[in-house]
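Scroll down for the structure; my scribbles are underneath it.
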Amino acid sequence: MKIALIGYGKMGKEIEKIALERNQEVILKFDVNNKDEFTIDNLKKVDVAIEFTQPESAYQNYMKCFEANIPIVSGTTGWLDHLSDVKFQCEQNGQTFFYASNFSIGVNLFFKLNKQLANLMNTIEGYDVSISETHHTEKKDAPSGTAITIAEDLIANFNKKQSWVKENAVNNTELAIRSFREGKVPGIHTVKYESDVDYIEISHSAKSRKGFALGAVLAAEFTIINKGFLTMNDLLNF
Ligand SMILES: NC(=O)c1ccc[n+]([C@@H]2O[C@H](COP(=O)([O-])OP(=O)(O)OC[C@H]3O[C@@H](n4cnc5c(N)ncnc54)[C@H](O)[C@@H]3O)[C@@H](O)[C@H]2O)c1
């Protein structure tokens with residue numbers, strides 16, 4: 001499989017290592033320093049593009065890959081205002097796009113556990129719930145895309161919460177997501193249910209970026225045989 005990396009920062013470099021370990025070829029690498037090489041003709045040379053850039057550039061990068069007619073795997077967060085356009089390109093124009101707010105297999109198990117716990121807690125009185133996330137200081141968006149996914153899944157399964165808010169909830173139908181930025185933390189997400197007498201907490205901590213990179217390469221391999229708008233639920237067969 002021939003891969004183009006769009007974005008060659010912390011994630012792009014980690015993905016390259018895993019792709020090479022899995023005997024895949026990385027033949028193109030694009031970042032802010034070689035934008036002139038990021039052309040449709042060049043993109044046509046690869047089987048798949050893996051995109052990890054920044055919220056402001058992600059959507060334009062996707063559009064370019066669609067023009068080149070190649071599948072894209074993207075982990076960039078903070079671009080979801082354009083989600084319906086991207087889905088439209090897959091559904092109406094036959095494009096293939098794999099998105100995960102978090103490519104770690106462990107986090108995707110955590111997503112499932114979060115939904116099951118929310119469902120269980122839904123029938124129990126006396127608990128309030130909140131989410132916290134901690135990441136390295138270079139992370140641009142807050143709350144993290146992963147925390148937003150956790151919040152949306154929780155709200156869908158826990159009737160007392162109707163919307164999520166940044167930092168502090170004003171009323172108890174709001175689900176607070178608190179964001180912390182510290183050192184080089186790759187990512188910690190915690191869901192905490194608290195009553196007067198106890199609390200129940202589930203948490204996922206990434207030890208490094210390796211888990212995200214492996215998930216992204218597995219997703220790229222998946223797009224060679226599966227088409228359309230794809231997510232980790234398709235890859236993990238949840
Ligand atoms: N989904 C996941 O599992 C997951 C995991 C980690 C990080 N992320 C997200 O991935 C993104 C990248 O993270 P990172 O830690 O690698 O960031 P980074 O800042 O280390 O790297 C970003 C790279 O993108 C490049 N870039 C910026 N604009 C570009 C453009 N217009 N065209 C081409 N390249 C461009 C930069 O040159 C840089 O190489 C962020 O949005 C982050 O939140 C997602």
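Both ligands and their constituent atoms are indexed starting at 1 by order of listing. Throughout, residue positions are numbered sequentially from 1 according to the sequence presented. Everything numeric in this text was worked out from a predicted model, so none of it was measured.
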_Derivation and outcome, side chain to side chain contact (heavy atoms under 4.5 Å, CB included), residues N108 and F110_ = CA-CA 5 Å; N108 283 276; F110 182 82; over 6 Å; no
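At a 3.5 angstrom cut-off on N or O pairs, M11 counts as close to ligand 1. Taking only nitrogen or oxygen atoms, main chain and side chain alike, R209 does not reach within less than 3.5 Å of ligand 1. The N/O atoms of K139, backbone and side chain alike, include one that comes under 3.5 Å of an N/O atom in ligand 1. On a distance-only criterion, K140 and ligand 1 share no N/O pair closer than 3.5 Å. Residue-to-ligand polar distances place Q54 within reach of ligand 1: an N/O pair is separated by less than 3.5 Å. When only interatomic distances are considered, the shortest N/O to N/O separation between I6 and ligand 1 does not fall below 3.5 Å. Residue G12 places no N or O, backbone or side chain, under 3.5 Å from any N or O of ligand 1.
Relative orientation of the F52 and F103 rings is tilted, given thresholds of 30° and 60° on the angle between their planes. Ring geometry, F38 versus F30: the interplanar angle falls from 30° to 60°, so the pair is classed tilted.
Contact annotation: for K35 versus ligand 1, heavy atoms closer than 4.0 Å belong to the side chain alone. With a 4.0 Å heavy-atom cut-off, ligand 1 is reached by the backbone of A100 but not by any atom from C-beta on. Contact annotation for Q60 and ligand 1: no heavy atom of the residue comes within less than 4.0 Å of the ligand.
Of the charged side-chain nitrogens involved, none lies within less than 4.0 Å of a carboxylate oxygen, so that K210 and E14 do not count as a salt-bridged pair. Using a 4.0 Å cut-off between a side-chain N of Lys or Arg and a carboxylate O of Asp or Glu, D31 and K13 do not qualify as a salt bridge.
Under a 4.0 Å criterion applied to the non-hydrogen atoms of N102, ligand 1 contributes the atoms 1 (N), 2 (C), 3 (O).
With sequence neighbours excluded, no residue forms a side-chain hydrogen bond (donor to acceptor under 3.5 Å, both in side chains) with S132. Residues meeting the side chain to side chain contact (heavy atoms under 4.5 Å, CB included) test with A169, sequence neighbours left out: V165, E174, A176.
Around atom NZ of K166, no more than 12 heavy atoms belonging to other residues, nucleotides or ligands sit under 6.0 Å away.
For atom 10 (O) of ligand 1, the closest heavy atom belonging to the protein is F52 CD2, 3.3 Å. Nearest protein heavy-atom neighbour of atom 34 (N) of ligand 1: D31 CA, 3.3 Å. Among all protein heavy atoms, the one lying closest to atom 18 (P) of ligand 1 is K10 NZ, 3.7 Å. Of the protein's non-hydrogen atoms, G75 O, 2.9 Å is the one closest to atom 44 (C) of ligand 1. Counting protein heavy atoms only, atom 41 (O) of ligand 1 is closest to T77 N, 3.3 Å. If you check which protein heavy atom lies closest to atom 31 (N) of ligand 1, you get S57 CB, 3.2 Å. Nearest protein heavy-atom neighbour of atom 3 (O) of ligand 1: F103 N, 2.8 Å. The protein heavy-atom contact nearest to atom 25 (C) of ligand 1 is G7 CA, 3.9 Å.
Between F97 and the options F88, W79, F222, a ring pair (Phe, Tyr, Trp, His ring centres under 6.0 Å) holds for only W79. For the side-chain hydrogen bond (donor to acceptor under 3.5 Å, both in side chains) criterion with K161, the lone passing option out of D128, N122, N172 is D128. Screening E194, M121, K192 against I200 for a side-chain contact (heavy atoms from CB on, under 4.5 Å) leaves a single residue, M121.
Proximity annotation for atom 2 (C) of ligand 1: of G187, S101, S144, S101 comes nearest, heavy atoms only. For atom 40 (C) of ligand 1, the nearest non-hydrogen atom from the set V73, V107, D141, T53 comes from T53.
I131 and L109 fall into different hydrophobic clusters, where Ile, Leu, Val, Met, Phe, Trp and Tyr are joined by side-chain heavy atoms under 4.5 Å apart, directly or via other members.
In the model, E51 has a side-chain atom that pairs as donor or acceptor with a side-chain atom of T53 under 3.5 Å.
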